[in-house]
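Reckoned from all heavy atoms, side chains included, excluding hydrogens, waters and symmetry mates. First the proteins, then the strands, lettered A, B, ... as listed; each starts at 1.
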Protein chains: 4
Amino acid sequence: MNKPKIGIINTTGYTGVELARLLSRHPGVTLTSVTGRSSAGKSLGEVFPHLADLKLTIEPCLSEVDLVFSAMPHQESAREVIPLVDRGIKVVDISADFRLRDADDYPTWYGFCHPAPQLLKQAVYGLPELYHHQIATAPLVANPGCYPTGAILALAPAVKAGIIEPEIVIDSKSGLSGAGRSLSLHTHYAEANEDTSAYALGGHRHLAEIIQELGQLCPDKPPKITFVPHLVPMTRGILTTGYAPLAEGGLPANQKGIKELCQLYQDFYRDAPFVRVVETPPHTKHTWGANTCFIHPTIDPRTRRLVVVSAIDNLVKGAAGQAIQNMNLMLGLAEKTGLEVAAVYP
Amino acid sequence: MNKPKIGIINTTGYTGVELARLLSRHPGVTLTSVTGRSSAGKSLGEVFPHLADLKLTIEPCLSEVDLVFSAMPHQESAREVIPLVDRGIKVVDISADFRLRDADDYPTWYGFCHPAPQLLKQAVYGLPELYHHQIATAPLVANPGCYPTGAILALAPAVKAGIIEPEIVIDSKSGLSGAGRSLSLHTHYAEANEDTSAYALGGHRHLAEIIQELGQLCPDKPPKITFVPHLVPMTRGILTTGYAPLAEGGLPANQKGIKELCQLYQDFYRDAPFVRVVETPPHTKHTWGANTCFIHPTIDPRTRRLVVVSAIDNLVKGAAGQAIQNMNLMLGLAEKTGLEVAAVYP
Amino acid sequence: MNKPKIGIINTTGYTGVELARLLSRHPGVTLTSVTGRSSAGKSLGEVFPHLADLKLTIEPCLSEVDLVFSAMPHQESAREVIPLVDRGIKVVDISADFRLRDADDYPTWYGFCHPAPQLLKQAVYGLPELYHHQIATAPLVANPGCYPTGAILALAPAVKAGIIEPEIVIDSKSGLSGAGRSLSLHTHYAEANEDTSAYALGGHRHLAEIIQELGQLCPDKPPKITFVPHLVPMTRGILTTGYAPLAEGGLPANQKGIKELCQLYQDFYRDAPFVRVVETPPHTKHTWGANTCFIHPTIDPRTRRLVVVSAIDNLVKGAAGQAIQNMNLMLGLAEKTGLEVAAVYP
Amino acid sequence: MNKPKIGIINTTGYTGVELARLLSRHPGVTLTSVTGRSSAGKSLGEVFPHLADLKLTIEPCLSEVDLVFSAMPHQESAREVIPLVDRGIKVVDISADFRLRDADDYPTWYGFCHPAPQLLKQAVYGLPELYHHQIATAPLVANPGCYPTGAILALAPAVKAGIIEPEIVIDSKSGLSGAGRSLSLHTHYAEANEDTSAYALGGHRHLAEIIQELGQLCPDKPPKITFVPHLVPMTRGILTTGYAPLAEGGLPANQKGIKELCQLYQDFYRDAPFVRVVETPPHTKHTWGANTCFIHPTIDPRTRRLVVVSAIDNLVKGAAGQAIQNMNLMLGLAEKTGLEVAAVYP
């Protein structure tokens with residue numbers, strides 16, 4: 001029996017190498033081709049000793065495969081992906097190049113004109129908890145950003161149910177691997193260690209996705225979202241804290257309301273195998289290396305506000321793990337295949 | 001000429017030992033007596049090798065001094081402080097025991113009945129940027145909590161000026177030393193390292209101070225404040241991000257408004273030697289070991305919200321440094337005496 | 001077909017919980033019973049959210065199982081293990097209670113008289129790279145300490161081949177999880193973070209095993225070993241650097257000698273599926289969560305000394321992973337079963 | 001009265017910025033000129049917010065000063081320093097360009113021909129604990145490397161006293177700031193965090209200094225030194241562990257010998273204000289930001305070996321602090337001036 005062959009474009013970034021790790025143990029597919037510009041010609045194990053068992057060579061160009069993950073930077077990724085989709089090869093694009101539905105948003109948020117606006121219609125936003133069925137038949141899936149994954153999962157049930165005013169503040173704290181493997185002063189160890197800071201106060205690019213997706217869930221009342229990302233000194237993990245006023249006449253701001261809120265979240269994620277609604281504030285540590293998203297919704301009774309906290313591993317549920325979850329759906333495999341690993345704790 | 005003699009009750013916690021470090025180089029006073037229960041009888045240098053030069057012995061009880069810092073836990077501190085104040089000895093109390101003006105708040109927030117409600121009237125809340133003059137003549141100064149210091153300094157100018165609706169969200173990220181030197185599983189290295197989490201979602205005790213002090217600044221409209229503290233894996237530092245809607249008819253939500261906002265903050269802190277209003281988001285790293293508070297106020301033009309970020313070292317401006325700043329004022333010394341050290345970076 | 005049932009005594013320490021993680025995905029056995037004193041009655045997922053999927057309850061006493069891992073502290077472990085062995089239940093003991101062959105060593109190194117000296121003869125030292133066959137038929141396997149695993153694997157080939165004078169210095173650097181989940185000041189986050197220190201200069205208990213095992217390999221010339229462990233601020237990982245003079249008339253102290261040395265190590269570990277002899281100095285990071293041991297042997301030509309560096313994850317190859325490797329051999333399963341996970345990097 | 005004017009060449013690296021921090025509070029000199037290539041024209045506070053109070057502008061070229069610190073990389077530093085020395089300006093060179101006495105060592109260890117061999121005779125190796133008097137009158141002081149400072153101070157008393165065979169193993173563990181502010185993959189946060197590794201096993205450049213200086217102390221018997229540096233995940237600090245066999249007929253390998261050993265170290269450092277000989281293994285944490293060097297010498301009685309551990313802050317005693325200590329001696333100031341700061345702990 002032939003398993004589908006899988007390829008990774010640009011395996012040498014952190015998402016690419018995490019894809020290789022997770023695919024290496026995936027029982028339903030075979031990773032057969034990985035590319036990487038600067039390291040082409042080297043064995044994967046030379047660049048990443050923990051993957052030496054895979055016995056793959058980093059190639060300059062992809063070999064023939066059935067499904068491709070593109071882990072290229074935005075704008076470059078579209079260039080790689082468009083011809084593949086045209087040839088009928090299924091693609092999970094991990095860049096932002098097919099996440100926004102409106103081509104006009106690309107100049108605004110990413111500073112370039114989209115090269116294939118028609119493909120934006122075919123692309124499905126790859127958050128399986130919202131688009132499970134569409135992903136299954138999509139030729140091209142746009143894997144969500146790491147911050148949007150944590151933020152949308154945290155707020156979607158409340159927004160959809162209309163229990164909050166869509167006056168939303170999202171405060172996210174991310175580990176450094178989210179900034180990628182490219183060198184920069186702010187990811188230099190001695191600068192980043194023992195430091196916490198906010199950035200992109202003028203509007204992080206991931207905000208576009210968050211607005212788009214939460215907006216879909218409350219079309220009558222476009223949400224007003226302030227999103228501030230922060231860097232905290234750890235390698236992996238995003239903790240997102242969301243705040244919004246309870247809608248008038250909705251949930252009561254007391255223990256009874258908190259119970260109803262939890263039930264609402266439980267119901268929303270009933271069929272989502274990787275989301276765990278929990279009764280105590282989650283820790284990013286409990287997601288290290290795993291595809292889990294923990295969500296803790298509660299109410300501040302003094303101020304009648306929803307407070308909701310989510311925790312993910314930015315490289316797994318926030319990138320490579322979610323991409324494989326999408327692949328599973330696209331290939332008709334069980335959603336959890338290859339992703340049933342527990343977090344590495346402590 | 002005799003310098004005032006200073007004592008520290010409970011020098012063996014992190015605030016106590018940080019007081020000893022800073023006082024050891026203070027040119028205007030002499031640290032003459034330090035106490036500590038479990039370590040009484042040992043030399044200070046035996047417990048804290050970096051302070052061996054001080055040649056002090058940890059005593060079971062305080063010797064005769066002119067001013068005392070109490071670094072005892074709350075409820076215990078009041079017991080130590082009350083007789084000292086009665087004897088006319090100046091006290092800076094670092095616990096929460098004299099921070100709240102209304103004795104009724106103690107059962108609510110701290111779970112005990114206040115033993116000396118009359119002293120709450122004499123005590124001054126020791127945030128020199130707000131109470132400079134009152135501190136100078138106070139017999140008893142209640143040193144603010146670490147979170148309140150970062151939060152109040154971040155929001156006071158905006159609240160006082162009435163440029164925001166007092167619908168405030170405060171999201172703070174603290175290093176682990178804020179949790180003290182007592183052992184607990186959540187400060188165990190392997191648990192806390194590589195982890196970020198939210199806690200006290202039901203209402204952290206420091207919220208009482210924040211409500212009290214920001215409320216004083218807008219007596220007509222009691223602020224509705226949600227405060228969520230987070231632990232991030234670093235030893236020192238608190239980064240606080242505050243959010244609030246701009247008041248109608250106030251600042252415009254554009255570059256011009258941001259300029260006016262910065263000017264307003266600059267003016268508010270014109271005479272505050274330790275507050276630096278800055279044009280880029282601050283890093284906790286730039287406060288390591290120093291009494292500085294960096295504040296970056298800005299506006300999210302999409303949502304017309306104030307976003308303000310402050311950074312402090314929780315053990316210096318958030319505890320021991322601020323206590324010495326208070327002491328300087330109480331003793332008639334220049335406010336910056338002994339605190340002119342630059343942060344240790346990187 | 002019934003898979004063997006497995007139990008863990010004391011699952012609430014770091015080795016116990018790591019055993020549960022690795023066994024949860026093991027295809028050849030079923031984890032059916034876990035115990036823990038303070039947490040008895042709770043679900044495993046309540047104490048360790050990342051293991052909620054396991055749906056196990058922490059029990060006060062073990063249920064009937066086919067093989068038991070004891071993760072109790074030394075001296076207490078023997079008490080649990082002796083009756084199990086007597087009843088014919090296979091045991092992997094992770095404590096030190098059956099590692100030393102000579103009962104007289106227990107008072108010296110561990111301060112207690114061994115309660116079952118006769119069992120020391122039946123127990124096999126569970127380092128599969130040295131005792132593969134003995135382990136397969138052993139009723140009781142004594143899982144090595146974390147430091148000894150890294151140290152013995154690094155030096156065994158050289159000692160056995162007689163290419164060094166057994167004047168050995170072993171300098172190890174360990175992450176904090178090696179110190180366990182019990183609270184102590186030296187594992188308190190604010191103390192351990194940003195700190196490196198040496199400890200146990202008077203002789204760490206693990207030295208007894210190292211002397212015993214390396215001594216077995218050169219019975220004519222008892223090795224003189226100095227072993228100094230260090231704590232470095234990370235959660236997982238041990239890096240061990242070993243030093244010894246080359247024997248006269250052995251390998252030449254040049255590139256040719258280094259080649260021969262590598263070949264000798266390659267040959268020694270030809271059948272060891274988890275040991276990787278590598279040509280560049282290894283990083284503990286490449287072992288995070290995996291059962292791999294990287295070893296880099298080389299020669300300092302200036303001084304004619306062997307220098308060898310090994311890297312392991314102290315909780316996997318240094319504890320739980322190695323224990324499962326032993327279990328696989330004891331149950332007649334393939335040595336790598338359930339341990340083929342790649343490290344989580346970065 | 002005019003204080004001497006001080007300049008820093010290349011203030012934008014970690015040693016340069018640490019010099020600026022320490023000089024900013026130095027009562028005996030005035031920092032008047034700082035240079036930096038890429039940042040010339042900016043204010044110092046723009047690049048380093050913690051030094052905004054200094055109100056200095058980074059210049060392209062040095063102004064007229066009385067003493068210069070050069071914090072340039074090796075080979076480039078000599079080019080800057082030679083003309084200054086020719087003009088009679090005192091220089092503390094923090095690069096390696098004047099540390100080695102024999103010009104022939106430069107091609108071997110640093111890969112370039114020394115441009116001013118005659119200056120190597122005038123230059124003094126700037127370890128005040130060994131060359132106090134020579135430094136006082138030197139026109140040019142070569143500030144030691146960070147590793148050599150920790151290693152030489154740890155071993156000098158034993159080597160000089162002839163109590164060990166000079167068969168020395170030095171195993172050092174350094175924080176990441178030692179690798180400087182230039183970007184590289186191995187100092188990228190996500191790579192360096194949670195990782196320990198050895199490097200430069202073929203011979204680190206600092207070994208040349210260590211051989212030279214320890215060799216001076218036992219001219220009859222050139223020491224055979226293996227030196228292996230390691231990177232550990234912290235920002236500051238070097239812990240060095242040294243090992244050597246006790247000389248026959250010297251100290252007894254027992255408690256009495258350990259006492260004599262400590263006394264010998266105490267005596268050696270009687271007049272060294274920054275060296276502290278201590279009875280328990282030191283922690284790098286107790287040196288954070290301070291010029292202290294802690295040394296703990298002991299004996300392994302089983303193997304009759306000296307084991308000695310030293311701890312320094314690599315940027316202070318290992319670089320900028322020691323440079324200022326040298327400056328104090330060169331300018332006739334008290335050795336401790338401006339360096340009496342306690343470490344920032346925790």
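In this structure the side chain of B/Leu176 never reaches within 4.5 angstrom of the side chain of C/His188, judged on heavy atoms.
The shortest non-hydrogen separation linking B/Asn193 to C/Thr235 is ND2-OG1, 2.9 Å. Here the closest non-hydrogen pair linking C/Tyr189 and B/Ala192 is CD1-CB, 3.9 Å.
In this structure, CE on C/Met234 lies 11.5 Å from CD on B/Glu194, to the nearest 0.5 angstrom.
For a residue to count as touching a neighbouring chain, one of its non-hydrogen atoms must lie under 4.5 Å from one of that chain's; by this rule C/Arg236 does not touch chain B.
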